[in-house]
Amino acid sequence: MSNKSRLHIPQPSARPGEEPDFSYLPVSPAGAVDRPGISAKTRDIEHLAHEMVRVLDDDHQACGDWDPKLEPDDLQIALRTMVLTRTFDARMQRMQRQGKITFYVQSLGEEAVSVGQGMALKPKDMLFPSYRNQGLFILRGTGLVNMMCQCLSNTRDMCKGRQLPVMYHDKEGRIFSISGNLATQYPHAVGWAMASAIKGEDHVAAAWVGDGSTAEADFHHALTFAAVYQAPVILNVVNNQWAISTFQGFAGGERRPFAAKGLGLGIPGIRVDGNDLLAVYAVTQWAAERARRGGGPTLIELVTYRGGAHSTSDDPTRYRPSKEWQAFPLGDPLERLKGHMIREGHWSEDKQSQLEQEMKDKVDAAWQEAISFGTMSEGPFLDPQDMFEDVLEDMTDHLLLQQEEMLALKD
Amino acid sequence: MSNKSRLHIPQPSARPGEEPDFSYLPVSPAGAVDRPGISAKTRDIEHLAHEMVRVLDDDHQACGDWDPKLEPDDLQIALRTMVLTRTFDARMQRMQRQGKITFYVQSLGEEAVSVGQGMALKPKDMLFPSYRNQGLFILRGTGLVNMMCQCLSNTRDMCKGRQLPVMYHDKEGRIFSISGNLATQYPHAVGWAMASAIKGEDHVAAAWVGDGSTAEADFHHALTFAAVYQAPVILNVVNNQWAISTFQGFAGGERRPFAAKGLGLGIPGIRVDGNDLLAVYAVTQWAAERARRGGGPTLIELVTYRGGAHSTSDDPTRYRPSKEWQAFPLGDPLERLKGHMIREGHWSEDKQSQLEQEMKDKVDAAWQEAISFGTMSEGPFLDPQDMFEDVLEDMTDHLLLQQEEMLALKD
Amino acid sequence: MAQMNMIQAINSAMDVMLERDPTVIVMGQDVGYFGGVFRCTDGLQRKYGEHRVIDAPIAEGGIIGSAIGIGVNGLRPVAEIQFADYIYPGFDQIASELARLRYRSGGDFFSPVTIRTPCGGGIRGGQTHSQSPEAIFTHVSGIVTVMPSNPYDAKGLLISAIESNDPVVFFEPKRIYNGPFDGDPDKPAVPWTTHPKGEVPEGYYSVPLGAAEVVEPGSDITIVTYGTIVHVAQSAARLAGVDAEVIDVRSLLPLDIDTLRRSVEKTGRCLVAHEATRFGGFGAELATTIQEECFWHLEAPIERVAGWDTPYPHAFEWQYFPGQKRVAAAIRKVMEAA
Amino acid sequence: MAQMNMIQAINSAMDVMLERDPTVIVMGQDVGYFGGVFRCTDGLQRKYGEHRVIDAPIAEGGIIGSAIGIGVNGLRPVAEIQFADYIYPGFDQIASELARLRYRSGGDFFSPVTIRTPCGGGIRGGQTHSQSPEAIFTHVSGIVTVMPSNPYDAKGLLISAIESNDPVVFFEPKRIYNGPFDGDPDKPAVPWTTHPKGEVPEGYYSVPLGAAEVVEPGSDITIVTYGTIVHVAQSAARLAGVDAEVIDVRSLLPLDIDTLRRSVEKTGRCLVAHEATRFGGFGAELATTIQEECFWHLEAPIERVAGWDTPYPHAFEWQYFPGQKRVAAAIRKVMEAA
Ligand SMILES: Cc1ncc(C[n+]2csc(CCOP(=O)(O)OP(=O)(O)O)c2C)c(N)n1
Ligand SMILES: Cc1ncc(C[n+]2csc(CCOP(=O)(O)OP(=O)(O)O)c2C)c(N)n1
Ligand SMILES: [Mg+2]
Ligand SMILES: [Mg+2]
């Protein structure tokens, strides 16, 4: 302690030109953290917020009580979905660079979050994603073409041309509409879960925000309401170390894990290796089961790293070491799962290459199909008249007039 | 755990007609909680949030490390200010009932909070009160007459007739303007403290909110900013068990003490017996010293009981047992301090009666003086023209016109 | 028919809807066991249980945010914000989420939340218990904004709001909860039993959203207003000795422009009045629309009477409130303009 | 004189004030090390240190709330909200606290916070990166609201805002950060170097708050506008072949009514234009005030051109944006009305 109060400014461990340094991130050995029963008293499991649940060790072996012991088929689904997500991302990123879409956000390096968590939840559970959860949509079958059409704002765009690229939703697939406003989906998930409880249904809700977004009011509201009503909800914080140029210490992550943010309300927190698909799956399933049985909310912090730029509008070389991702101690989620599957004998580098090619072809085919429904520059185009729909359920008189005014102008 | 999720509705321990029941409130024995040094690591003192710092035992004896060992003179100032606060409250409550003022909020039963905390802070420390901290103003010498004039919205009203009664401020006395909007002052205090640190001054800020108000966004913002910048601020939660008709469980107090709400950000929390002036003083001084030395924020939960109605607009017999206060395990702060002083030999029941009479006379005299500056029904009155001042620093043209319009109308 | 004040009428609307539709729920601060600080939800928790009439934490943003999620999951939440002055912490959830959800999801998602909140002054509430922030909501596309002026409309409009699949912000002018108020605070209070609109059916009925009402026909001037000022305007017209047509807008958005146009085309003169502050208030939209629609019929500039552009001051409540004198003076001004 | 675009001019205003006044500080998301997502604070942290140019958590309410306290303690915070669309989580702190503090404390306390925020569309930002919420602030008594339309004014007005003891919400139309924009997205972008208002002194100067500017004199019609649409209106007038007087309001509150009145009294015709949604927009206040002030001079109804009353749609940005065609059509309508 100094002798005088002085404004403390959190500092990232390294800036451009400096060596990456993750010494600030304590990493528990795989298998080291115990797996309590879902009826454990929250008071007895506070340590889960401070350690890090990990299943896969450095040799890709699954260790400890949290190993979900997934079948090889499930592992393949997981790997496939992760590869597809990364392939999709890369393609869309490229399409943005070529001016085919206006904007894009990758989830590079964070694929295990959406895929692992999505797999651990049941189809009727409702998902409230952020803009970096494309894996959830891919997993739930929203369809690449539909997602691409959204990014293209074309005639098949589920958002009818109204949202920025990546702001998907999937009503059938039970994935909520993504908002550009950070963290607003958090209380929605809690409310949805409250309604589930009121109706006596056993569906749970799950929501995702980034580390930076936890500073928003909605984070606090969601935690408070979830705790007060013991809502069956899983509140996920994807700690990818960065919020645009701002490192996670500015959201209050400097002194405690994000997983600890609910402890003061009695919400158990689990910090998990977010690049370890097995661990991600396991903690999510634990939290879902607990919620389903009336055990209330869980806060899960998924420790990962934002492998790419924040978005296509961002240039991270301005604010962080370009090699930081390589130095990240939790590695690459795809490599780790692949390594595990190879080690277990269900997979090979060959199969991996085939899979990658297959996914690339799939994405290529989807893109060809998607652009047949229109691009930003070539038709078919959505009808601008539709701009006036869905403001309210029925179009008001003053919107009708505006619609007419617009049409008159076109002639 | 049940077998199904079901909305949990927090329940107060007793409703009207039922026996009061405070078994939900664990009370540590006086002297039982250790007093760490101010440079203790926050990680090592988390237990302070879960126990309850108490100095005065049931026999009014001061026990343990937290005993601030105040001089008899200081104790007398404390008692005097508490008695004056209660006398003032009773008088103003009566004046509201008689229609002399429009509204009033008592701090009955919570006097040790403002008086004990106010005494532990230095004159240049800045206070950001809620509407139930009148003791701070009385202690800092705002003056009963000034406070009454505010309640009367008369010609000497510091707020120039613009605020509800009790929404005082004291620029000289370094007490911020009270807002009707709950919890908004919390980030102000943090900002003030940040500026203090930026300027390299060693003044600290202190803010107060009620238990219910901790659910507001501003509470979260304040804690986050305080933690991130290690602002020299004391964040106080006055847990008086009720928020109008809503018991503290609805703000997230059902499972954990309010003092624990900052632990997830690394803000140490101390739960203190809010009706024990010595304990209140001691923890506040500890937190202030810590902040002043660059140790950052502390969250203090003051456990007390709202002895009266929420405000003059409220009738608590509708929602809580009328004898609940009597059953409150932490007693009455005045009685306890008085008992302690008598026990220590510095005080007597006689002196107490004298003091009470003296304070009554003081309040009476103040009231007489205050009403000489105008009441709601009898002049002198503030000039309604002033209504247009202070919206901005200079009156805009459109307000000038409105002022003229109003004046023209009067003729 | 029963006699009801506005509190009872609002309570009855929720009672009817809780009874008719098992998906309706009520939530808010102090609304449950206690029945609300203005008693609007009195008895509802006892009748429908704690899972349908739910006390909430003091977090307006959390109330609206969770209500949105509740609505998305098939229920119909009616959320109370204790005072309109305290709706701002929930503003982001209203403007960015509730109002936008249907649009941004191409119509796939919506949340039929109704937000009830007492507004307006005249009860010595000072600057934080007196505001009328309706204009802040009417400017946000995607929200229906309503303010009734009497028990009959309050119940009928609230039922429509609850039944609507659109988000509705429902402002309740608290000064007229217990009786109509003509703007003169020195007169003894008048109960709703003295007013025809205090007769309210016990059961289900609705008043459509989007329809203004001509509450007093007249030929000299049109007074366009809503909420408490409807009553003030009627008295002021009498005071000014003018045959005024008084229109209660009731629904601010959707706005019933036809009724306004018809009237102003007839009278040729128009006064717009509300309690909210004047600058950028809803009166500006009303006046602008009317001059757009009826310019060639106007014989005088449209005048506005509104709260002054200051916070609502505790001591000067009655100098602040746009009362009879001020409305009457404005009526005269419009009538004399030539 | 230097050539500056609006980003550089805004940066320069903060630079000048950080240099001149040690109490000035800058805070906001990504404003420090990175220099802001639009680069408006580029280099300032390096120059003035981390204690004066401060990165902030992602909590607009916390940024504004803490800025208020910082201001009360004698500093002058300039807070950036990354997009105007994200100002709503801070709305309560602005409307209930920042705007009210001086008033409610009888003048004893105030906080001279300046809130800078990029607004407006035209950059393919979709519905959450394109909003123009100025009307929501002009209706709150106690805030100065400003929107410059060029680098020279941006710097001069921002310096005035920082020097003012009043809270100022300072909207920066991001579409014209890099160059004036006449409303036609198909034309090649034009840099500020081509525009006289791209000449900006390097040092200190100020443009007063509360003064409109006649940016183009004319006699046929008055076009009252601000922000990006100032440039669109000028082109549209040329397109319509009309000798329009174009007024850049610049300061929405305080509003320079005199300049508006003088012009409309001269031209007798008036069009109000802005990018924000129309219903309840600031245009309503402008039109109402003008008809109140100039009714007897008006030869035609005042028309409004504005964003449609929908969220700002990604795909239909240019059908949504009130561009030259729409403004020109409205000009013609006003000119032809009789
Ligand atoms: C309310 C709000 N404020 C600011 C922004 C601008 N913004 C977009 S993304 C972002 C950073 C978010 O970081 P984090 O929550 O960590 O998520 P990540 O991008 O790392 O997945 C910011 C500040 C926004 N979209 N919404
Ligand atoms: C933002 C806001 N919401 C609601 C209210 C109405 N209100 C006034 S006091 C109160 C209860 C506050 O309870 P608590 O924080 O526990 O403080 P206490 O009154 O017990 O001291 C409520 C809901 C308000 N003043 N401000
Ligand atoms: Mg992040
Ligand atoms: Mg309380």
Side-chain angles (χ1 to χ4, degrees), chain B residues 6-7 9-12 15 102-103 152-154 157 159-165 167 179-184 210-219 243-247 250-252 310 313-314 318-319 376 381-382 384 386-391 396 398-399 402-403 405-406 408-410, chain C residues 25 29-39 42 45 49-52 54-63 82-83 85-86 88-90 92 123-130 277-279 305-320 323 325-326 328-330 333:
Chain B
R6 207 162 177 263
L7 199 69
I9 307 287
Q11 298 293 343
R15 286 294 194 186
T102 56
F103 175 78
L152 286 158
S153 283
N154 71 15
D157 172 8
C159 300
K160 300 192 186 158
R162 292 167 192 160
Q163 288 240 69
L164 269 188
M167 302 294 177
S179 176
N181 304 64
L182 294 171
T184 48
D211 45 293
S213 305
T214 61
E216 288 287 4
D218 288 317
F219 181 79
I244 310 185
S245 77
T246 311
F247 101 109
F250 267 99
H310 169 71
S313 312
D314 179 46
R318 283 174 173 274
Y319 54 78
M376 297 295 286
F381 294 113
L382 282 166
D386 292 351
M387 171 168 49
F388 297 92
E389 305 274 358
D390 299 323
V391 177
T396 56
H398 79 281
L399 276 176
Q402 293 183 11
Q403 193 185 40
E405 192 181 330
M406 188 193 74
L409 213 70
K410 274 174 64 182
Chain C
I25 68 156
Q29 295 155 21
D30 302 296
V31 302
Y33 187 90
F34 185 50
V37 296
F38 288 104
R39 326 288 324 132
D42 194 24
Q45 187 180 78
E50 290 184 321
H51 287 223
R52 293 193 63 205
I54 308 172
D55 279 314
I58 305 176
E60 291 73 15
I63 290 171
Q82 204 162 79
F83 286 87
D85 317 61
Y86 304 139
Y88 307 128
D92 184 51
I123 60 149
R124 285 285 185 208
Q127 56 131 8
T128 58
H129 300 86
S130 304
T277 51
R278 172 182 164 119
F279 198 86
V305 180
W308 307 123
D309 287 319
T310 76
Y312 218 115
H314 178 252
F316 308 120
E317 178 149 59
W318 299 116
Q319 287 92 337
Y320 182 92
K325 261 206 208 163
R326 222 147 95 204
K333 188 167 168 202

Enquirer: Please classify the contact of B/Asn154 with chain C as side chain, backbone, both or neither, using a heavy-atom distance under 4.5 Å.
Expert: neither
Enquirer: Would you say that B/Glu405 contacts C/Trp308 through its side chain, given a criterion of any heavy-atom pair below 4.5 Å between the two side chains?
Expert: yes
Enquirer: CG of B/Leu182 to CD of C/Gln29: how many Å apart, nearest 0.5 Å?
Expert: 7.5 Å
Enquirer: For a quick test of reading the model, state the closest non-hydrogen atom pair linking B/Ser153 to C/Ala315 and the distance between them.
Expert: CB-CB, 3.7 Å
Enquirer: I'd like to check C/Pro313 versus B/Asp386 (side-chain heavy atoms, cut-off strictly below 4.5 Å). Are they in contact?
Expert: no
Enquirer: Kindly compute the distance separating CE (B/Met376) from CZ (C/Arg124), expressed to the nearest 0.5 Å.
Expert: 3.5 Å
Enquirer: Of the listed residues (C/Ala59, C/Gly126, C/Gly35, C/Pro89), which shares the most heavy-atom pairs with chain B below a 4.5 Å separation?
Expert: C/Ala59
Enquirer: Rounded at 0.5 Å granularity, tell me how far OG1 in B/Thr184 sits from OH in C/Tyr86.
Expert: 9.5 Å
Enquirer: Would you compute the distance between atom CZ of C/Phe279 and atom CG of B/Leu399 and round it to the nearest 0.5 angstrom?
Expert: 10.0 Å
Enquirer: As an exercise: rank B/Met167, B/Gln403, B/Gln402 by heavy-atom pairs under 4.5 Å with chain C and give me the winner.
Expert: B/Gln402
Enquirer: When you look at B/Arg162 and C/Gln127, which way does the side chain to side chain contact (heavy atoms under 4.5 Å, CB included) test go after all the steps?
Expert: CA-CA 7 Å; B/Arg162 292 167 192 160; C/Gln127 56 131 8; 5.9 Å; no
Enquirer: Measure C/Tyr312 against the heavy atoms of chain B and call it side chain, backbone, both or neither at under 4.5 Å.
Expert: backbone
Enquirer: Tell me, out of C/His129, C/Arg39, C/Glu317, who's got the most heavy-atom pairs with chain B below 4.5 Å.
Expert: C/Arg39
Enquirer: Let's go through C/Arg326 and B/Met406 carefully: what are the C-alpha distance in whole Å and the side-chain angles of both, what is the deciding distance for side chain to side chain contact (heavy atoms under 4.5 Å, CB included) to 0.1 Å, and is it a yes or a no?
Expert: CA-CA 8 Å; C/Arg326 222 147 95 204; B/Met406 188 193 74; 5.8 Å; no
Enquirer: Go through the atoms of C/Glu60 and report whether side chain, backbone, both or neither lie under 4.5 Å from a heavy atom of chain B.
Expert: both
Enquirer: Does any backbone or side-chain atom of B/Ser213 lie under 4.5 Å from a heavy atom of chain C? Answer side chain, backbone, both or neither.
Expert: backbone
Enquirer: Measure across C/Gly125 and B/Leu164 and return the closest heavy-atom pair with its distance rounded to 0.1 Å.
Expert: O-CG, 3.3 Å
Enquirer: Can you name the closest pair of heavy atoms from B/Ile9 and C/Glu50 and give their distance?
Expert: CD1-O, 3.4 Å
Enquirer: Under a 4.5 Å cutoff for heavy-atom pairs, which residue among C/Tyr88, C/Phe316, C/Phe83, C/Tyr320 has the most contacts with chain B?
Expert: C/Phe316
Enquirer: Quick one: are C/Arg278 and B/His398 in side-chain contact, heavy atoms under 4.5 Å?
Expert: no
Enquirer: In terms of heavy-atom pairs under 4.5 Å, which option from B/Gly252, B/Pro10, B/Gly212 contacts chain C the most?
Expert: B/Gly212
Enquirer: Using 0.5 Å steps for rounding, measure from the CD atom of C/Gln319 to the CZ atom of B/Phe381.
Expert: 9.5 Å
Enquirer: How close do B/Ala243 and C/Ile58 get, counting heavy atoms only, and between which atoms?
Expert: CB-CD1, 3.7 Å
Enquirer: Please tell me if the side chains of B/Ile244 and C/Val37 come closer than 4.5 Å, counting only heavy atoms from C-beta onward.
Expert: yes
Enquirer: Roughly how far, to the nearest 0.5 Å, is CG of C/Asp55 from CZ of B/Phe247?
Expert: 10.5 Å
Enquirer: I need the minimum non-hydrogen distance between B/Val391 and C/Asp309, along with the two atoms involved.
Expert: CG1-O, 3.9 Å
Enquirer: So, do B/Tyr319 and C/Phe34 have ring centers that fall under 6.0 Å from each other?
Expert: yes
Enquirer: Give me the atom names and distance for the closest heavy-atom approach of B/Leu409 to C/Ala329.
Expert: CD1-CB, 3.7 Å
Enquirer: Do we see a donor-acceptor contact under 3.5 Å between the side chains of B/Ser245 and C/Asp30?
Expert: yes
Enquirer: Quick one, B/Pro165 and C/His314 - any side-chain contact, counting heavy atoms below 4.5 Å?
Expert: yes
